[in-house]
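Working notes, beginning with the structure itself.
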Amino acid sequence: MEQKKRSTIRKIESHKSEPFYLIVRGLEVGIVAGLVAVLYRYLLSFAENGMNSILTYIKGKPVLIAVWLVALAVLGFAVSTIVRWEPMAAGSGIPQINGEIKGRLSPGWWQVILAKLVGGTVSVFAGLSLGREGPSVQLGGMAGKGMAHITKADKTTEHRMISCGAGAGMAAAFNAPLAGIMFVLEEIHHSFDKNILCMGIVSTVTADYISKLFFGQSTIFNYDTVIFPLHRYWVLLIMGIAIGIAGFGYTKIMLLFQTLYKKINISNRIKMPVTFVISGCVGLVLPQVLCGGHSMVEYLMQEHPGIGVMFGLLAAKFLFGAVCFASGAPGGTLYPMCILGTYLGAGLGGIAIRALDLPQGLWEEFAVIGMAGFFSATIRSPITGVVLVFELTGNMNNLLPLVTVALISYATSGLLGGEPIYEALLGRLVSNPQEKKSGRSEKIIKSFVIPTGSNLNGKKIKEIPWGRHALIVTVERGEESITPNGDVVLNEGDEVVFLVSQRRFAKDEEHLEHLFEEQYKPTTL
């Protein structure tokens, strides 16, 4: 009992004075996650180049085409075996990280890294419409978890290292460190945690630096700015609504494809090879839609195709991507989703330019606006979407139209009842929170900020049903640390710090998150 008490006191004291510790941990995570993400980028680049060389060589040679399709079926069988060995390596990887942070999943870190590296590389070599960004988030998170295990970190530190490793992976994949940390706070934690922010900034900047050492500092999108006319902002309103509807439909259809795929009464060891063969056939007819979509970006920015061609490629990429996503092959949907938004924005922008005689140079602006809007509508993280597009373009001159479309598409998707795609995928992974099987009773530090309009505002601590296994450590109000007792009145903006039992972390974290998210609803007379 005395040892358990000392352990709890150490956690409370370290929470009060740990900036240097967080920076050191952030450097550790950033270096390891950055190197793993760089390795993955190299493997995928090698695989994609190899695939393109093979498609060029076999073109017009029926015998070689048949051999290639048979080889793809064998590769599909191999990937299905990998996924069967480590199921948490299937798909994007972002829902798995989300589940780990919420205490619902706990995969082996090295198994996931190995399966994701091999399975993802083989899947891209086969041409499946899958990106590197989602898997880089999972790889970064698992690299952080591995460092936590190697250094024997406590569970609170391990959770932070997983979170910051995920952000570092995204930073290295996109060369976007700010988007990486914003993604962790907005999409995974849904709250502003100062400790995560401190460690996360260090880890994402470190991972971004490592990535740029290998791949250079150029941005993905480079274009000349054309200022959007103020008297035409009503066009952005229409565009935001259209993209919001499209984002809502995208989530519904992708989940539907996944449901239909699972209902096919055939072993996955057969379904996966069939998907790989379909990819081979698509590559022979329309190679532009293969893999993550980098070739589609180059084609769009360099060739500026007509509106019909853009919408045709958009439809093909969407349908092919839905099939690849449904298969559960290791690979991400994040970048392919961004490509869809880019083409949708460019297509809608092309129509507006023709109809309203807008400056021709605006089509590139419409393209990046479409990416931000589609990201916001599907992932339901508008701040991350805006920051991501800013870092991908390095251009802040048209921030206002970017934010306008992102927020309108986000609101439109929400009004239609759209749910974040990764939250929906997590719900399919685990229907019920998993209890820890370990006999350990270690406590985890978890903090929540009381938002504006919360039901907790103005209530005393003793009036709120926190749960029996969540102990309030302190209430941070500005620079003041308030010792908690039952009569302390909570205010908006307060950061409430808890010690939560590891054994019941999933259920208690879910209960606390619900308490802090519940908003006051005024009654109508």
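By the 30° and 60° cut-offs, the orientation of the rings of Y335 relative to F174 is tilted.
A heavy-atom distance below 4.5 Å is not found between the side chains of T384 and E187. Proximity of L344 to Y250: side-chain heavy atoms (C-beta onward) are nowhere separated by under 4.5 Å. Side-chain contact between F374 and T342 is absent, with no heavy-atom pair separated by less than 4.5 Å. You'll find the side chain of F516 reaches within 4.5 Å of the side chain of V496, heavy atoms only. The shortest side-chain heavy-atom distance between I445 and V473 does not fall under the 4.5 Å cut-off. Between F257 and I253, some side-chain heavy-atom pair lies under the 4.5 Å cut-off. The shortest side-chain heavy-atom distance between Y422 and V137 does not fall under the 4.5 Å cut-off. Counting heavy atoms from C-beta outward, V497 and I472 have side chains that stay 4.5 Å or more apart.
Atom CG of residue L27 and atom SG of residue C164 lie 11.5 Å apart, to the nearest 0.5 angstrom. In this structure, CD1 in I241 is found 11.0 Å from CG in L236, a value given to the nearest 0.5 Å. Separation of atoms CD (E364) and OG1 (T393) is listed at 11.0 Å; rounding is to 0.5 Å. How far CE of M142 is from NE2 of H149: 8.5 Å, rounded to the nearest 0.5 Å. Rounding to the nearest 0.5 Å gives a distance of 11.0 Å between CD1 of I196 and CE of M161. Here the straight-line distance linking atom CG of L22 with atom CD1 of I201 works out to 11.5 Å at 0.5 Å rounding.
Within the 3.5 Å criterion, the main-chain N or O of I162 finds no donor-acceptor partner in the side chain of K145. Between the side chain of S409 and the backbone N or O of G373, at least one donor-acceptor pair lies under 3.5 Å. Although no hydrogens or angles enter the test, the distance criterion places a donor-acceptor pair under 3.5 Å between the side chain of R41 and the main chain of A172. The main-chain N or O of A470 is never found under 3.5 Å from a side-chain atom of D508 such that the two would form a donor-acceptor pair. Judged purely by atom type and a 3.5 angstrom limit, E133 has no side-chain atom pairing as donor or acceptor with the backbone of M170. With hydrogens and angles ignored, the 3.5 Å screen pairs a side-chain donor or acceptor of H511 with a backbone N or O of P465. For the pair E391 (side chain) and L178 (backbone), a donor-acceptor distance under 3.5 Å is present. A distance-only check finds a donor-acceptor pair linking the side chain of D154 to the backbone of T156 [under 3.5 Å]. For R132 (side chain) and A173 (main-chain N/O), a donor-acceptor pair under 3.5 Å exists by modelled atom type. Panel note: side chain Q96, backbone M88; a donor-acceptor pair is recorded below 3.5 Å.
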Original post:
Do I464 and L515 pass the side chain to side chain contact (heavy atoms under 4.5 Å, CB included) test, and can you show the C-alpha distance, the side-chain angles, and the key distance before you say yes or no?
Top reply: CA-CA 9 Å; I464 302 167; L515 283 177; 4.2 Å; yes
**OP:** Give the C-alpha distance, both sets of side-chain angles, the deciding distance and a yes or no for ring-ring contact (aromatic ring centres under 6.0 Å, His included) between F325 and F318.
**Re:** CA-CA 10 Å; F325 161 80; F318 169 66; over 10 Å; no
**OP:** Could you please spell out the steps behind the side chain to side chain contact (heavy atoms under 4.5 Å, CB included) verdict for I210 and I31?
**Re:** CA-CA 7 Å; I210 290 173; I31 291 171; 4.2 Å; yes
Original post:
Under the side chain to side chain contact (heavy atoms under 4.5 Å, CB included) criterion, do L348 and I243 qualify, and how do the steps go?
Top reply: CA-CA 9 Å; L348 294 175; I243 292 177; 4.1 Å; yes
Subject >> Stepwise salt bridge (Lys or Arg N to Asp or Glu O under 4.0 Å) test for R380 and E423 >> reply: CA-CA 10 Å; R380 310 283 296 141; E423 290 285 344; over 6 Å; no
Subject >> Check against side chain to side chain contact (heavy atoms under 4.5 Å, CB included), T378 and F248 >> reply: CA-CA 6 Å; T378 53; F248 169 78; over 6 Å; no
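Side chains of T259 and R428: a donor-acceptor N/O pair is present below 3.5 angstrom, by distance only. When only modelled atom types and interatomic distance are considered, S211 and D208 share no side-chain donor-acceptor pair under 3.5 Å.
K102 and I188 get closest at one heavy-atom pair: NZ-O, 4.3 Å. Nearest heavy-atom pair across S123 and L130 is CB-CD1, 4.2 Å. What you find for A352 and V235 is that their closest heavy atoms are CB-CG1, 4.0 Å. Residue A406 comes nearest to P382 through the heavy atom pair O-CB, 4.5 Å, listed as atom of the first residue, atom of the second, then distance. For K116 against A90, the heavy-atom pair with the smallest separation is NZ-O, 3.7 Å. Nearest heavy atom pair, residue L300 against residue A346, reads CD1-CB, 4.2 Å.
Summarising the local packing, OH of Y209 is surrounded by 12 or fewer heavy atoms from other residues, nucleotides or ligands at distances under 6.0 Å.
Taking the six-membered ring for Trp, Y42 and F215 have ring centres closer than 6.0 Å.
No salt bridge links E510 with K507; every basic N to acidic carboxylate O contact stays at or beyond 4.0 Å.
Residue F183 forms a side-chain contact (heavy atoms from CB on, under 4.5 Å) with just one option from I94, L388, V387, and that option is I94.
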